[in-house]
There are 2 protein chains.
Amino acid sequence: MAITDAMIVPTDDCSSWLETHFDLLGNAAAIRSNRQSFTKGERIYTRNETAHHAYAVLEGAVRASHCLPDGRRHLRAFHLPGEIFGLDGDALRSHETEALVKTTMLAVRLDDLDREAGLDAGLAWGLCNLAAGELRKAREHMVLLGRKSALERVAAFLLEMDRRLATKGVMSLPMCEHDMADYLGLSNETVSRCLTKLQALRIIVLSKRRTVRFLDRAGLHEFDAS
Amino acid sequence: MAITDAMIVPTDDCSSWLETHFDLLGNAAAIRSNRQSFTKGERIYTRNETAHHAYAVLEGAVRASHCLPDGRRHLRAFHLPGEIFGLDGDALRSHETEALVKTTMLAVRLDDLDREAGLDAGLAWGLCNLAAGELRKAREHMVLLGRKSALERVAAFLLEMDRRLATKGVMSLPMCEHDMADYLGLSNETVSRCLTKLQALRIIVLSKRRTVRFLDRAGLHEFDAS
DNA sequence: CGGACCGTTGAAACCAGTCAAAGGATGTGG
DNA sequence: CCACATCCTTTGACTGGTTTCAACGGTCCG
């Protein structure tokens, strides 16, 4: 099953990861949490649904999407191992989320979180800084969507995934080109053409489907005008 | 001076506004803050500068922009009266901010804020929810940038400003069309053409420069496919 | 009064989208 | 284990919305 390549995070019970990113929650015993698994394509939550949990991705990948009435779709974010999502501060979900591959997550009760964060300043401030960081990243992505060419977007995307998937050598992407397209504000055909072009320029190699090897990271950075 | 139309917030010493949005800071005596005024076009902070303050806009308007190496510019946000910015969670600024018109703000020391938020859970959690709300709005804007047509973007922008400026009847925009364009990921010519078209359709009236009157809000909502 | 900026309009070029078709990979069920 | 259906990817040709380039008038401000 080639997909397992994309499941990067060490599954040695996620404790080391919890310490670095999520001990905010780890040492708050009053916050109930449990592991949940989702299969490929499975819905996690949908639009206008009441928000019950925040999620910490342990393994796999999640897409957060929003559809316009006429069917146009946009991906607001990918959530990869080591990241937290579902903490939008709204009672109702404004988007829907689905697992891209088999995904396991830690689900945290929002009502517990809300209560504890009102008491535990360290927890609340940690979550605030986490949200602020997400906000900064979202606004950087807005520059990509508003002002970058197709090739620049794809180059930036590859570098972003290289960073976030923390992979060595060969990168195995968990999402299809259609998802990349909706994340980058492009059509899937355009994404395909850009990847083909980057390969022709000897900057990347697409060995198997969704598997990227970098030949020239510096060259990629030149395309990604940040 | 026509610009004053854009300065909406009741200047009766901003206390009522502080109560609703910012009493988080108001009752924390250990947080030093002071009023600051900026003239039209004045820089507030610039890229790669060390972050010292967060700001609460009392009156006026601010743009947060990011430039690519080749000069392309994108506006990440407008900050209007009643809104808070500059709390990005990073030591160095990732963007620059300028006053669009004469603007007065409450400047809050970040080191004080950081210290107090580590102690006061109510403050920290309030700021967290504020950041989460900003994140949600930023991601909604991403849909606009990634998937909407020029006319849809301009329609959505007018409705957004109508909401955020809390104006009755005639709306006086504090930003020029070039700024709108960079906020919406369009060229200034396209923005102009869209506004002209909306006027030809009897949906808005542009009486004076930057002054918009709504004839048909329902019609605008039809263009804004959310 | 003059200059800079802003807004408007037209014409042409171009990038990316759309439509279409074909091959490849994947997964399912017989 | 194979056949088949579905989804994904790729490529080409065409279309079209937006950008770019250019020119002009208006407004604001020094």
Let me know the distance between CG of A/L184 and C1' of C/dC15, rounded to the nearest Å. 16 Å
Please check the phosphate of C/dC6 (OP1 and OP2 only) for any side-chain N or O of B/S192 closer than 4.0 Å. no
Taking the side chain of B/L186 as heavy atoms from C-beta outward, which of D/dT19, C/dT18, C/dT9 is closest to it? D/dT19
Between C/dT18 atom P and A/D182 atom CG, what is the distance in whole Å? 11 Å
What integer distance in Å separates A/H178:NE2 from D/dT6:C1'? 15 Å
When rounded to whole Å, the NZ to P distance for the pair A/K197 and D/dT11 reads 14 Å
May I ask you to test the A/L184-A/K148 pair for a side-chain heavy-atom distance under 4.5 Å? no
Contact check, side chains of B/Y55 and B/H53, non-hydrogen atoms, under 4.5 Å: yes
Electrostatic pair A/K137-B/D88, nearest N-O below 4.0 angstrom: no
Does any N or O donor sit under 3.5 Å from an N or O acceptor when you compare the side chain of A/E189 with the base of C/dC19? yes
Along DNA chain C (nearest heavy atom to each residue), the more 5'-positioned of B/V191 and A/V191: B/V191
Report the nucleotide, chosen from D/dT18, C/dC6, C/dG27, that has the shortest atom-to-atom distance to any side-chain atom of B/C176. C/dC6
OP1 or OP2 of D/dT9 less than 4.0 angstrom from a side-chain nitrogen or oxygen of A/R210, does that happen here? yes
Between C1' on C/dG7 and CG on B/L198, what's the gap in Å once rounded to a whole number? 16 Å
What is the distance, rounded to the nearest whole Å, between atom NZ of B/K40 and atom P of C/dA4? 16 Å
Taking for each residue the nucleotide of DNA chain D bearing the nearest heavy atom, is the 5' side occupied by A/R147 or by A/Q199? A/Q199
For B/N188 and D/dG26, what is the distance between atoms CG and C1' respectively, to the nearest whole Å? 16 Å
Option passing side chain to side chain donor-acceptor pair (under 3.5 Å) with B/Y183 (candidates B/R63, B/E160, B/H74, B/H178): B/E160
Considering only D/dC8, D/dT19, C/dG17, which nucleotide approaches the side chain of A/R193 most closely? C/dG17
Quick one: is B/T190 getting a side-chain N or O under 4.0 Å of the D/dT18 phosphate, OP1 or OP2? no
A/Y45 ring center within less than 6.0 Å of A/H52 ring center: no
From CD of B/E177 over to C1' of C/dT8, roughly how many Å is that when rounded to an integer? 8 Å
At under 4.0 Å between heavy atoms, what does A/G185 touch on the DNA or RNA strands: base, sugar-phosphate, or nothing? sugar-phosphate
